[in-house]
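Let me begin by presenting the structure, written as structure tokens, before commenting on it.
Computation of the quantities below employed the complete heavy-atom set of this structure, encompassing side-chain atoms and omitting hydrogens, waters and symmetry-equivalent molecules.
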Amino acid sequence: MTTTMTTDAPATVAVPTRRKPARSPGHRKALRLVRRIPVWLLVAVLMVVVLYPQVWMVLGSFKTQAEFLSNPALSLPETWQFDNYISALTNGNVGQNYLNSIIVTIPSVLLIVFIGVAAGYALEVMIWKGRNGTLLYILAGIMVPGQMILVPLFIVYFRMGITDSLLPLIITYTVMGLPLTTFLMATYFRSVPREIFEAATVDGSGPLRSFFVIGVPMMKNAILTVGLVQFFSVWNDLLIALTFTTRPELATIQVGLLSLSDEYGSTQYGPLFAAVSINIVVLLIVFLVLNKKIMAGMAGGALKG
């Protein structure tokens with residue numbers, strides 16, 4: 001007789017786990033604030049780096065020559081010299097320089113935007129043989145440094161007899177701004193669903209009508225963004241304006257700032273800083289007013305439809 005003995009497996013005993021005590025809302029908020037401290041410090045450092053030259057420049061525009069050379073950089077003016085702004089606009093001929101910059105910048109930007117938007121539409125929306133090669137050919141213009149073609153352009157303008165005007169500046173700015181604008185607008189049009197233009201074609205809309213009725217309204221933010229980029233590029237240019245302005249009466253604002261130094265190299269810092277302050281404040285106001293549109297346009301080019 002065989003006796004079989006069975007042994008029971010040891011029973012598993014459940015060990016209760018300790019739960020971490022829940023953090024109070026105030027504790028979680030304090031932790032979030034502590035984690036944001038490095039970010040705030042970085043932002044504060046960047047603001048100091050950016051704002052320090054601006055404050056120094058504005059304070060310097062109200063100082064006399066002696067105060068600027070002897071007093072600390074961020075010291076307040078002993079007497080606020082508003083005459084520096086009057087001197088910059090009259091003696092420095094800055095008022096005429098601002099007018100020349102406006103006359104040059106507005107037509108250049110309008111031509112760059114209109115031709116660039118039309119070229120981007122034709123290269124990305126319309127289907128025709130050789131459009132990819134044409135886009136690469138246009139992009140090659142971005143790789144050509146503008147400094148290399150200034151002398152040949154000056155010779156061509158001189159032979160055409162237009163060097164004694166602002167027309168060479170408008171032509172040069174337009175040609176140099178088109179490659180980048182065309183590339184950006186082609187990228188923006190690529191994010192628009194092709195079915196929208198196909199539906200317009202089925203409804204009887206031609207390419208020209210689709211461009212003005214569908215393409216341009218959908219690209220409003222993109223057009224504004226590209227236009228502002230080109231506006232700042234043309235307005236702040238010095239090299240091209242200095243090359244093609246043959247008379248002081250034709251100088252733009254960037255070239256006109258050089259005239260505030262006399263022939264012996266002595267610089268009147270008060271009028272100079274006043275002219276620079278006016279220039280920067282105007283551009284800053286334009287940027288702040290249109291900041292939301294710029295961000296919307298930049299985000300629109302990064303999204304696919």
Side-chain angles (χ1 to χ4, degrees), residues 104-150 152-153 156 168-198 200-201 206-241 243-244 283 286-287 290-305:
V104 169
T105 303
I106 292 179
S108 301
V109 173
L110 291 178
L111 288 173
I112 291 172
V113 171
F114 179 76
I115 299 175
V117 173
Y121 174 83
L123 291 170
E124 193 58 40
V125 178
M126 300 177 63
I127 299 176
W128 46 281
K129 185 177 180 180
R131 62 174 185 167
N132 292 330
T134 304
L135 180 59
L136 292 176
Y137 180 75
I138 292 175
L139 291 179
I142 303 177
M143 308 175 191
V144 179
Q147 296 85 347
M148 295 179 58
I149 61 176
L150 291 183
L153 282 176
V156 172
L169 293 178
I170 298 175
I171 297 175
T172 306
Y173 288 137
T174 302
V175 173
M176 288 188 174
L178 276 177
L180 179 60
T181 302
T182 302
F183 171 73
L184 291 176
M185 294 311 306
T187 304
Y188 282 116
F189 275 112
R190 191 176 303 150
S191 65
V192 178
R194 189 64 59 88
E195 290 79 7
I196 297 177
F197 297 101
E198 293 176 354
T201 303
L208 192 61
R209 183 179 179 184
S210 297
F211 172 71
F212 285 104
V213 176
I214 300 176
V216 173
M218 294 186 67
M219 294 289 107
K220 286 190 299 183
N221 290 334
I223 291 172
L224 180 60
T225 302
V226 173
L228 284 176
V229 170
Q230 295 298 335
F231 173 84
F232 291 131
S233 176
V234 174
W235 183 275
N236 293 324
D237 173 74
L238 174 63
L239 180 61
I240 297 176
T243 303
F244 296 112
L283 297 180
V286 172
F287 180 81
L290 302 176
N291 183 39
K292 291 184 179 180
K293 293 292 184 179
I294 297 174
M295 296 298 106
M298 294 178 67
L303 299 176
K304 292 293 181 180

Self-check item: Separation between CD of E198 and OG of S210, rounded to the nearest 0.5 Å
Solution: 11.0 Å

Self-check item: Contact summary for M218 and I196, nearest pair of heavy atoms
Solution: CE-CD1, 3.8 Å

Self-check item: Residue pair F244, T172: steps toward the side-chain contact (heavy atoms from CB on, under 4.5 Å) verdict
Solution: CA-CA 10 Å; F244 296 112; T172 306; 3.8 Å; yes

Do any side-chain atoms of residues 111-124 form donor-acceptor pairs under 3.5 angstrom with protein atoms, and if so which ones, sequence neighbours left out?
| unit_1 | atom_1 | unit_2 | atom_2 | d |
| --- | --- | --- | --- | --- |
| Y121 | OH | P207 | O | 3.1 |
| E124 | OE1 | R190 | NE | 3.4 |
| E124 | OE1 | R190 | NH2 | 3.3 |
| E124 | OE2 | R190 | NE | 3.4 |

Quiz item: Are the side chain of S108 and the backbone of V104 linked by a donor-acceptor contact shorter than 3.5 Å?
Solution: yes

Practice problem: Grab the two heavy atoms, one from M148 and one from P152, that are nearest each other, plus how far apart they are. | Solution: O-CD, 3.8 Å

Exercise. Check step by step if side-chain contact (heavy atoms from CB on, under 4.5 Å) holds for M176 and I149.
Key: CA-CA 10 Å; M176 288 188 174; I149 61 176; 3.6 Å; yes

Exercise. Determine yes or no for a side-chain-to-main-chain donor-acceptor pair under 3.5 angstrom, with N236 supplying the side chain and F232 the backbone.
Key: yes

Quiz item: When rounded to the nearest 0.5 angstrom, what distance separates CZ in R131 from CG in L136?
Solution: 12.0 Å

Quiz item: Between A241 and L169, what is the shortest heavy-atom contact and its length?
Solution: CA-CD2, 3.6 Å

Self-check item: Rounded distance (nearest 0.5 Å) linking atom CG of L180 with atom CG of L184
Solution: 4.5 Å

Quiz item: Is R194 atom CZ crowded by more than 12 heavy atoms from other residues, nucleotides or ligands, each under 6.0 Å away?
Solution: yes

Quiz item: Can any side-chain N or O of N221 pair as donor or acceptor with the backbone N or O of T225 at less than 3.5 Å?
Solution: no

Self-check item: Note, F231 side chain near T105 side chain (heavy atom, < 4.5 Å)
Solution: yes

Quiz item: Should P107 and L110 count as side-chain neighbours, where that means a heavy-atom distance under 4.5 Å?
Solution: no

Practice problem: May I ask you to test the M219-M185 pair for a side-chain heavy-atom distance under 4.5 Å? | Solution: yes

Self-check item: Gap between atom NZ of K129 and atom OG1 of T134 - 0.5 Å precision
Solution: 12.0 Å

Quiz item: Can you tell me how far CZ of F197 sits from CD1 of I214, rounded to the nearest 0.5 angstrom?
Solution: 6.0 Å

